[in-house]
There are 2 protein chains.
Amino acid sequence: MGLAKTEMFNDLQNEISLISKAFSHPARVTILQYLFKIDSCVCGDLVNEIGLAQPTISQHLKELKQLGLIKGTVEGTSVCYCINHEKWAQMKTVMSEFLDQDLPTKQDCC
Amino acid sequence: MGLAKTEMFNDLQNEISLISKAFSHPARVTILQYLFKIDSCVCGDLVNEIGLAQPTISQHLKELKQLGLIKGTVEGTSVCYCINHEKWAQMKTVMSEFLDQDLPTKQDCC
DNA sequence: TTTATTTATCGTAATATTGCAATGTATAAA
DNA sequence: TTTATACATTGCAATATTACGATAAATAAA
């Protein structure tokens with residue numbers, strides 16, 4: 001099928017999985033790391049920075065933009081991308097709660 | 001293609017994407033939440049708890065086990081699964097570093 | 001040994017993802 | 001207006017993922 005049965009899970013479970021899907025490709029992880037590192041808009045050099053073809057990068061950027069984690073601003077003939085810090089912070093809250101489910105004192109039971 | 005070009009990314013980038021892939025399906029998120037919630041081994045009732053067929057659950061469990069996030073112990077005719085707390089903590093370190101890339105004072109630049 | 005129970009594996013269908021060549025679109029420069 | 005530049009979109013091929021019926025494997029109980 002290749003199709004997740006999202007209707008049988010709650011909103012939080014689906015949200016966590018959607019966020020994680022955005023991070024589930026190394027190219028998107030790399031794009032985000034690069035945007036944080038240069039700490040400003042990126043117009044163009046992502047294709048040079050990462051060794052993938054321009055349409056491929058464009059597709060990955062689209063997915064990150066759809067989730068709201070990055071913003072794109074048209075600037076002349078190029079488009080500048082940068083991190084959406086507010087959205088990133090919101091996302092971090094959701095993911096941290098999920099990751100912090102483990103309690104420090106707990107032991108494995110098997 | 002459907003095949004990520006992992007060789008062009010570094011180990012950390014690939015690790016983050018692999019961890020995230022494990023969380024990119026709501027059934028696996030739900031399984032992990034349930035294991036944390038009951039805080040003991042689960043033998044069997046995952047199929048009842050989540051509304052997916054037994055082979056499907058088994059497949060999701062296999063993926064989580066391969067990443068090391070859960071452990072399975074054979075107990076008679078059933079298999080008991082639980083969280084691997086040590087591995088979870090390691091995973092959390094990697095993911096937290098990635099999620100905490102944003103600095104509190106930073107503003108969007110576009 | 002036979003039967004029941006539980007989980008894993010196999011096989012397969014449906015859908016999703018990844019990657020890129022070709023092409024479209026929009027703006028800037030000439 | 002023409003040309004160049006940058007990015008998006010389309011279309012398609014290859015591979016991955018998801019789901020589950022059928023079946024295998026392993027152990028416990030009868």
Side-chain angles (χ1 to χ4, degrees), chain A residues 1-9 13-14 16-31 34-35 41-67 70-82 110, chain B residues 1-9 13-14 16-31 34-35 41-67 70-82 110:
Chain A
M1 312 253 159
L3 167 79
K5 294 190 158 180
T6 54
E7 74 283 357
M8 59 199 338
F9 304 102
Q13 287 156 348
N14 284 313
I16 291 168
S17 70
L18 282 179
I19 293 168
S20 298
K21 193 175 283 184
F23 300 149
S24 72
H25 194 290
R28 291 190 291 269
V29 170
T30 305
I31 288 171
Y34 186 69
L35 288 176
C41 296
V42 160
C43 308
D45 40 322
L46 274 169
V47 176
N48 303 322
E49 192 66 21
I50 305 171
L52 292 169
Q54 180 266 324
T56 308
I57 298 290
S58 187
Q59 202 173 315
H60 285 306
L61 287 168
K62 189 181 178 184
E63 286 174 65
L64 292 172
K65 203 163 67 175
Q66 271 170 346
L67 245 190
I70 65 173
K71 290 195 278 190
T73 309
V74 177
E75 205 141 310
T77 167
S78 63
V79 177
C80 295
Y81 285 101
C82 67
C110 56
Chain B
M1 311 254 158
L3 167 79
K5 294 192 159 181
T6 54
E7 74 283 358
M8 59 198 339
F9 304 103
Q13 288 157 348
N14 284 313
I16 291 169
S17 71
L18 282 179
I19 293 168
S20 299
K21 193 175 283 184
F23 300 150
S24 72
H25 194 289
R28 291 192 290 271
V29 170
T30 305
I31 288 170
Y34 186 69
L35 288 177
C41 296
V42 159
C43 309
D45 41 323
L46 274 170
V47 176
N48 303 322
E49 191 65 21
I50 305 172
L52 292 169
Q54 179 267 323
T56 308
I57 298 290
S58 188
Q59 202 172 316
H60 285 307
L61 287 167
K62 189 181 178 184
E63 286 174 65
L64 292 172
K65 203 163 65 175
Q66 271 169 347
L67 244 190
I70 65 174
K71 289 194 278 189
T73 309
V74 177
E75 205 141 309
T77 166
S78 64
V79 177
C80 294
Y81 285 101
C82 67
C110 56

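So that the names make sense, note that chain A is the first sequence line, chain B the second, and so on, each numbered from 1.
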key: Steps toward side-chain contact (heavy atoms from CB on, under 4.5 Å) verdict (A:T30, A:E49)   = CA-CA 9 Å; A:T30 305; A:E49 192 66 21; 5.9 Å; no

What residues 44-58 of chain A contributes to the DNA chain D interface at heavy-atom separation below 4.0 Å is A:G44, A:Q54, A:P55, A:S58

May I have the distance from [X] (atom [atom1]) to [N] (atom [atom2]), rounded to whole angstrom?
X: A:L64; N: D:dC7; atom1: CG; atom2: C1'; result: 16 Å
X: B:K62; N: D:dA25; atom1: NZ; atom2: C1'; result: 14 Å
X: A:L61; N: D:dT9; atom1: CG; atom2: C1'; result: 14 Å
X: B:R28; N: D:dT18; atom1: CZ; atom2: C1'; result: 9 Å

_Reading DNA chain C from 5' onward, which residue's closest nucleotide shows up sooner: A:H25 or A:V74?_
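Whichever sits nearer the 5' end wins; that is A:H25.
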
Hey, which sits more toward the 5' end of DNA chain C by its nearest nucleotide, A:L3 or A:A27?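 It is A:L3 whose nearest nucleotide is closer to the 5' end.
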
Min side-chain heavy-atom separation B:M8-A:L52 under 4.5 Å:
yes

Kindly indicate whether the side chain of A:Q59 and the base of D:dC7 share any N or O donor-acceptor pair separated by less than 3.5 Å?
no

Could you check whether the side chain of A:T77 and the base of D:dT5 have a donor-acceptor pair of N or O atoms closer than 3.5 Å, going by distance alone?
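Indeed, a donor on one side and an acceptor on the other fall under 3.5 Å apart.
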
Reckon [X] has a side-chain N or O less than 4.0 Å from the OP1 or OP2 of [N]?
X: A:Y81; N: D:dA8; answer: yes
X: B:H60; N: D:dT17; answer: no
X: A:K5; N: D:dC20; answer: yes
X: A:K21; N: C:dA16; answer: no

*On the 0 to 90° scale, with breaks at 30° and 60°, tag the A:H25-A:H60 ring pair as parallel, tilted or perpendicular.*
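Correct class here is tilted.
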
Whether the side chain of A:R28 engages the backbone of B:S17 through a donor-acceptor N/O pair (distance < 3.5 Å, no angle test) should be reported.
no

B:S58 (side chain) donor-acceptor with B:P55 (main chain) under 3.5 angstrom: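 Absent.
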
Hey, mind stepping through A:L61 and A:Y81 against side-chain contact (heavy atoms from CB on, under 4.5 Å) and telling me if it holds? CA-CA 8 Å; A:L61 287 168; A:Y81 285 101; 3.5 Å; yes

Winner on side-chain proximity to A:K65, out of D:dA8, D:dA28, C:dA8, is D:dA8

For B:S20 and A:F23 the tightest heavy-atom approach is OG-CB, 3.2 Å

Give one of base, sugar-phosphate or nothing for B:E63, where a contact means two heavy atoms less than 4.0 Å apart. sugar-phosphate

